[in-house]
Amino acid sequence: MDTTTRHIKYQADCDPTFAPAIKAIPGCEKLDSCIQCGTCSGICPLSIYMDMPPRRIMNLVRYGFKREVMNSNTVWLCSACYACTVECPRQIKVTDVMYALKQMAIKERLYPKRFPMVVLANQFYKMVRHRGRMNEIHLVTRLYLLTNWFKLLEMARLGIELIRRGRFSVKPDNIERRAELHAILDYEKRYPPTEAAPK
Amino acid sequence: MTKRYTYFPGCSILGTGRACEESTRAVFAELGVELDDLEDWNCCGATAYMSVDEHKALALAARNLALADTKECPELTTPCSGCYLVLNKTQRYMEEYPRVGDKVKCALKDAGLNYTGRVRVRHMLDILVHDVGLDEVRKHVKRPLKNAKIAPYYGCQTVRPYLDFDHQHYPMTIDRLAEALGATPVHFPLKTRCCGGSQMGTLPNVAQRLCYAILREARRQGANLILSVCPLCHFNLDSYQPDIRRRFGEDVSITTMYYTQLVGLAFGMDPETLGLHRNMTWDGSWLEREVLAGATA
Ligand code: SF4
Ligand code: SF4
């Protein structure tokens with residue numbers, strides 16, 4: 001019977017490409033200068049719900065603990081309030097690091113399945129790509145159909161109130177020059193980026 | 001002298017935040033400010049697009065900057081704090097990171113658009129208080145809102161990370177505006193605390209807890225009104241009060257509105273024009289009962 005597990009990580013467990021990939025994203029370059037002061041964790045209004053506070057994420061990212069970071073709920077709780085970014089004494093754009101992690105998680109499908117935030121981001125992304133604009137009612141309906149359709153019933157009160165007050169727009173809105181928008185968004189597809197090898 | 005700005009409404013404004021647009025247009029028209037609509041604008045991408053793809057998020061928002069670039073007035077203004085932040089961030093990142101800027105510009109050029117970098121993104125609150133000015137606002141006040149005790153709620157994205165028109169930690173712009181309308185701003189320590197944003201849809205227990213704290217604090221400070229700046233903050237604070245009461249077993253009900261709606265009320269405009277009937281916490285007798293009663297004496 002082999003149930004003994006090792007709780008201390010070896011450096012060999014780390015992913016050496018993780019930190020360089022994150023640091024290459026605009027806004028995340030200063031990650032190494034983090035002094036682990038914990039200001040970001042202290043100011044973060046969502047940190048009480050996070051399994052790992054922002055300070056810890058910063059440290060895990062720069063030392064390459066990709067699996068731990070990607071398994072935590074932290075980035076999916078971040079609501080981009082920018083409090084950490086403003087308060088960090090080392091001017092690290094913590095919010096941008098959170099965004100970079102979200103992007104990587106979505107690209108590599110490394111997110112905790114139960115998190116509706118991912119579904120919301122993906123549905124939003126698709127809708128705006130297609131139409132150029134977002135319709136909140138459609139977005140929320142899709143979110144609940146894909147995650148927890150029972151919630152739609154809970155939302156009935158709000159829905160009725162919104163209809164009564166003329167705030168419920170069912171007609172999706174499109175921009176006129178959709179081709180122009182698609183040309184902009186597909187730029188990378190036409191000219192694939194020559195991956196600048198991270199140092 | 002009429003002032004003119006290029007106007008970017010944003011998606012929320014077309015849907016649940018309609019009242020924000022109605023009151024904004026009414027108030028700015030009264031003040032003689034012309035809002036020149038940006039034709040065929042697209043969604044700024046909000047927080048969601050940035051979570052999926054950085055380049056695409058910046059390029060998406062940059063299309064709006066390029067459209068604004070062709071306008072005679074390079075000042076692009078929006079009533080939504082989310083749009084304000086995203087457009088502002090895009091413009092700044094394109095300057096700060098030439099590698100990013102060049103790529104986005106190439107993508108725009110490919111689609112026949114050009115961005116020269118002359119556009120400046122401005123918040124409507126900034127324009128109202130600093131360009132139009134409080135003296136001008138005061139001149140239009142027909143109905144001083146003497147008994148309105150205001151908890152000014154700025155929310156996150158108006159003040160962070162880019163606030164160039166006020167103090168980032170304890171902003172006073174709405175407070176001063178409220179005073180100009182004859183109202184009294186209360187000391188409100190949570191004025192820039194997060195309301196949970198779009199987490200209200202994804203993790204309601206989390207976002208409702210944040211809103212609960214804000215609503216409760218406003219009442220504790222003796223306010224009878226929360227003023228918000230952004231359609232999403234307003235939606236969260238305005239629409240979920242019954243849910244919050246049920247969840248936390250405490251009545252935290254308080255009237256909430258957009259700052260432009262209050263300005264309109266002080267200007268003597270009728271509540272319908274300002275879209276007040278669209279707010280969930282609006283009750284027709286509120287103005288008479290809480291604000292005007294005894295105020296004229
Ligand atoms: S506030 Fe900045 S320096 Fe301090 S722990 Fe957070 S990221 Fe590191
Ligand atoms: S931006 Fe995200 S991580 Fe930073 S304080 Fe706000 S919620 Fe927390």
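All values derive from a computational prediction rather than experimental measurement. So you know, we letter chains A, B, ... as the sequences are listed, proteins then strands, and number each from 1.
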Partner of Ile184(A) by side chain to side chain contact (heavy atoms under 4.5 Å, CB included), out of Val104(B), Asp110(B), Leu113(B), Leu60(B): Leu113(B)
Largest heavy-atom contact set with chain A, pairs under 4.5 Å, which of Leu14(B), Val100(B), Thr192(B): Leu14(B)
Under a 4.5 Å heavy-atom cut-off, does chain B meet the side chain of Arg157(A), its backbone, both or neither? side chain
Does any part of the side chain of Leu120(A), heavy atoms only, come nearer than 4.5 Å to the side chain of Ser198(B), both counted from C-beta? yes
Tyr49(A) versus chain B, the contacting section by heavy-atom distance below 4.5 Å: side chain
Could you tell me whether Arg56(A) atom CZ has more than 12 heavy atoms of other residues or ligands within 6.0 Å of it? no
Region of Val140(A) in contact with chain B, defined by heavy-atom distances below 4.5 Å: neither
Quick one: do Arg129(A) and Asp53(B) make a salt bridge, cutoff under 4.0 Å? no
Taking it one step at a time, do Glu176(A) and Glu39(B) satisfy side chain to side chain contact (heavy atoms under 4.5 Å, CB included)? CA-CA 9 Å; Glu176(A) 273 163 37; Glu39(B) 292 95 27; over 6 Å; no
Could you walk me through whether Ile175(A) and Arg63(B) pass the side chain to side chain contact (heavy atoms under 4.5 Å, CB included) test, one step at a time? CA-CA 12 Å; Ile175(A) 62 166; Arg63(B) 177 173 177 268; 3.7 Å; yes
Should the pair Glu29(A)-Arg99(B) be classified as a salt bridge under the 4.0 Å nitrogen-to-oxygen rule? no
So does Cys81(A) get a backbone contact from the side chain of Arg160(B), meaning a donor-acceptor N/O pair under 3.5 Å? yes
I'd like to know which of Pro161(B), Ala59(B), Ala62(B) tops the heavy-atom pair count under 4.5 Å against chain A. Pro161(B)
Do you know which two heavy atoms are closest between Leu203(B) and Trp76(A), and how far apart they sit? CD1-O, 4.5 Å
Where does Ile43(A) contact chain B at under 4.5 Å (heavy atoms): side chain, backbone, both or neither? backbone
Would you name the heavy atoms of Ile106(A) and Ser51(B) that are closest together and state the gap between them? CD1-O, 3.6 Å
Does a side chain donor of either Thr16(B) or Glu136(A) reach within less than 3.5 Å of an acceptor in the other side chain? yes
Does Lys102(A) reach the side chain of Thr47(B), with side-chain heavy atoms less than 4.5 Å apart? no
Assign the ring pair Phe124(A) / Tyr49(B) to parallel, tilted or perpendicular, where the plane angle (0 to 90°) is split at 30° and 60°. perpendicular
Interchain contact, Asn174(A) with chain B, by part (heavy-atom threshold 4.5 Å): neither
Against chain B, label Ala100(A) side chain, backbone, both or neither, depending on which of its atoms sit under 4.5 Å from a heavy atom there. neither
Assert top hit (heavy-atom pairs under 4.5 Å, partner chain B, pool Ala183(A), Ala121(A), Cys78(A)) equals Ala121(A)
For chain A, find which of His169(B), Arg209(B), Glu96(B) contributes the most heavy-atom pairs closer than 4.5 angstrom. His169(B)
If you tally heavy-atom pairs under 4.5 Å between each of Gln199(B), Arg18(B), His277(B) and chain A, the highest tally belongs to Gln199(B)
Between Glu87(A) and chain B, which part of the residue has a heavy atom less than 4.5 Å away: side chain, backbone, both or neither? side chain
